[in-house]
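Encoded as structure tokens, the structure appears first; notes follow it.
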Number of protein chains: 2
Amino acid sequence: MKKQNCLCKNISPEEMEDIKTHIPEDKTIQVMADFFKLFGDGTRLKILYYLSRHELCVADLALLVNMQQSAISHQLMLLRLHRLVKYRKESTTTYYSLDDEHINSIFKVALEHLQEQ
Amino acid sequence: MKKQNCLCKNISPEEMEDIKTHIPEDKTIQVMADFFKLFGDGTRLKILYYLSRHELCVADLALLVNMQQSAISHQLMLLRLHRLVKYRKESTTTYYSLDDEHINSIFKVALEHLQEQ
DNA sequence: TCAATATATGAACATATACTCATATAGGAG
DNA sequence: CTCCTATATGAGTATATGTTCATATATTGA
């Protein structure tokens, strides 16, 4: 690891090299970032919260979140693509529910961090 | 809870009302979203990974992440504002390190989700 | 004092994101 | 078949975000 002009005495080039070689691949990191990005929006958090309480149709979610049906549908599509929610159809109605038991664990850790302040 | 034209038989207006009254405040949800947003970017994830391995100065982080010093500084500022990293100054050098032991827990749960696919 | 180094910061810019509007699709009731 | 309802989807748009470039600040050494 060439430390061109950096004079930081804190760490050796060998340690730098070692740390660098152990980081996950860029692709893996991007997948992880995209996963967290899903939780980085208030509308999606609300949807996930409501679905954690009850299986719901799109219209009811729109009512609860207080947003247009189209907006909710778009977000549900995203959540579906990332396997955070699943759905079942009953004639023209689509019922959504959570598809991942890790969601609650993640919320829990986040709340722990936020309550520290 | 007025279910205007929705015919979904899945849930009663009373249950809807109950669920709606128990959701955290909008402000709380926004704080949570902003917290997760921090993990929703590859550059920041790399920074956090490297800092989880070793205290590092800005220049070394820039070298490791392979990005301009300015970009790293901007991201470190963000992470600092949200208390994910802390720093100490030694003459002109600024050494950064993790400021939250929950970060590793969060990574762990995320990996569990991603490995399910 | 002056030059060099490490970092921080503001402005500008390109891209990503979330929403709205309009419309398509598809099932059920009449 | 036709209308109505529930949902999905594409285009357009305003805002948010991440990066770069240029420059400011601050400390050290000559």
Side-chain angles (χ1 to χ4, degrees), chain A residues 3-11 26 29-30 33-48 51 55-82 85-97, chain B residues 3-11 26 29-30 33-48 51 55-82 85-97:
Chain A
K3 300 185 63 176
Q4 298 170 326
N5 296 319
C6 182
L7 303 173
C8 314
K9 302 294 184 188
N10 195 26
I11 183 172
D26 272 24
I29 289 176
Q30 196 49 54
D34 288 342
F35 174 71
F36 282 120
K37 221 174 280 184
L38 291 172
F39 297 91
D41 175 80
T43 302
R44 285 192 293 270
L45 285 186
K46 288 180 191 174
I47 291 174
L48 291 173
L51 293 182
E55 183 192 56
L56 288 163
C57 69
V58 177
D60 281 349
L61 271 173
L63 200 59
L64 286 165
V65 178
N66 192 29
M67 201 152 284
Q68 299 214 351
Q69 169 265 318
S70 172
I72 301 294
S73 274
H74 280 295
Q75 298 294 16
L76 285 170
M77 165 88 79
L78 254 183
L79 295 171
R80 220 167 68 188
L81 285 176
H82 289 267
V85 305
K86 62 188 179 212
Y87 67 98
R88 67 182 175 89
K89 292 231 171 210
E90 202 168 290
S91 78
T92 65
T93 306
T94 314
Y95 290 103
Y96 282 85
S97 56
Chain B
K3 299 185 62 173
Q4 297 170 327
N5 296 318
C6 182
L7 303 174
C8 315
K9 302 295 184 189
N10 194 25
I11 182 172
D26 270 24
I29 289 176
Q30 195 51 53
D34 288 341
F35 173 71
F36 282 120
K37 220 176 280 184
L38 291 173
F39 297 91
D41 174 79
T43 302
R44 284 193 292 271
L45 285 186
K46 287 179 192 174
I47 291 175
L48 291 173
L51 294 182
E55 183 193 53
L56 288 164
C57 69
V58 178
D60 282 348
L61 271 172
L63 199 60
L64 286 165
V65 177
N66 192 29
M67 201 152 285
Q68 300 214 348
Q69 169 266 318
S70 172
I72 302 293
S73 274
H74 279 296
Q75 297 294 14
L76 285 170
M77 165 90 80
L78 254 182
L79 295 172
R80 219 167 69 187
L81 285 176
H82 289 268
V85 305
K86 64 187 176 213
Y87 67 99
R88 67 181 175 88
K89 292 231 171 210
E90 202 168 290
S91 77
T92 64
T93 307
T94 316
Y95 290 103
Y96 282 85
S97 56

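FYI, side chains are in, hydrogens and waters are out, and symmetry mates aren't considered; it's all heavy atoms of this structure. The sequence lines fix the lettering, A, B, ..., with proteins before strands; numbering per chain opens at 1. What you are looking at is a predicted structure, and each value in this text was computed from that prediction instead of being measured.
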| task | Please report, rounded to the nearest Å, how far the P atom of dT9(C) is from the CD1 atom of Ile72(B). | result | 16 Å
| request: Rounded off to whole Å, could you give me the CE-to-C1' distance for the Met67(A) and dT7(D) pair? | output: 18 Å
| task | Would you classify Ser73(A) as touching base, sugar-phosphate or nothing, given that sugar-phosphate means primed atoms plus P, OP1 and OP2, and contacts are heavy atoms under 4.0 Å? | result | base
| remark: Between CG of Leu79(A) and P of dT17(C) the distance, given in whole Å, is 14 Å
| message | Can you see if the side chain of Tyr96(B) gets near the phosphate of dA6(C) - specifically, an N or O under 4.0 Å from OP1 or OP2? | response | no
| Parallel, tilted or perpendicular for Phe36(A) and Phe36(B), by the 30°/60° rule? | parallel
| said: Just the rounded figure in Å: distance from C1' of dT17(D) to CG of Leu38(B). | reply: 12 Å
| field | Contact check, side chains of Lys46(A) and Met67(A), non-hydrogen atoms, under 4.5 Å | value | no
| field | Gap between atoms OH and P, on Tyr95(A) and dA8(D) respectively (whole Å) | value | 13 Å
| query | To the nearest 0.5 Å, how far apart are CD in Gln30(B) and CG in Asp41(A)? | reply | 7.5 Å
| Can you check whether Tyr87(B) has a side-chain N or O nearer than 4.0 Å to OP1 or OP2 of dA8(C)? | no
| field | Whole-Å gap separating C1' (dT5(C)) and CG (Asp60(B)) | value | 14 Å
| Thr94(B) versus Leu76(B): any side-chain heavy-atom pair under 4.5 Å? | no
| query | In whole angstrom, what separates Leu76(B)'s CG from dA6(C)'s P? | reply | 16 Å
| request: Answer whether the closest heavy-atom distance between the side chains of Gln75(A) and Val65(A) falls below 4.5 Å. | output: no
| said: Taking the side chain as everything from C-beta on, heavy atoms only, tell me whether Leu56(B) gets closer than 4.5 Å to Ile47(B). | reply: no
Shorter than 3.5 Å, N or O on both sides, protein versus nucleotides 21-23 of chain C: list them out with atom names.
unit_1: dC21(C); atom_1: OP2; unit_2: Gln68(A); atom_2: NE2; d: 2.9
unit_1: dC21(C); atom_1: N4; unit_2: Ser70(A); atom_2: OG; d: 2.6

| query | Looking only at side-chain N and O atoms, does Lys89(A) come under 4.0 Å of OP1 or OP2 in dT7(D)? | reply | no
| said: Strictly below 4.0 Å: does Thr93(B) bring a side-chain N or O up to OP1 or OP2 of dT5(C)? | reply: no
| task | Between Ser91(A) and Asp34(A), just flag the one whose closest nucleotide in DNA chain C comes earlier from the 5' side. | result | Asp34(A)
| field | Any Arg44(B) side-chain N or O less than 4.0 Å from OP1/OP2 of dT17(D) | value | no
| Among dT20(C), dG18(D), dT7(C), which nucleotide sits nearest the side chain of Gln75(B)? | dG18(D)
| request: Report the distance from atom NE2 of His82(A) to atom C1' of dT17(C), rounded to the nearest whole Å. | output: 13 Å
| query | Can you find a pair of side-chain heavy atoms, one from Phe39(A) and one from Leu45(A), that are under 4.5 Å apart? | reply | yes
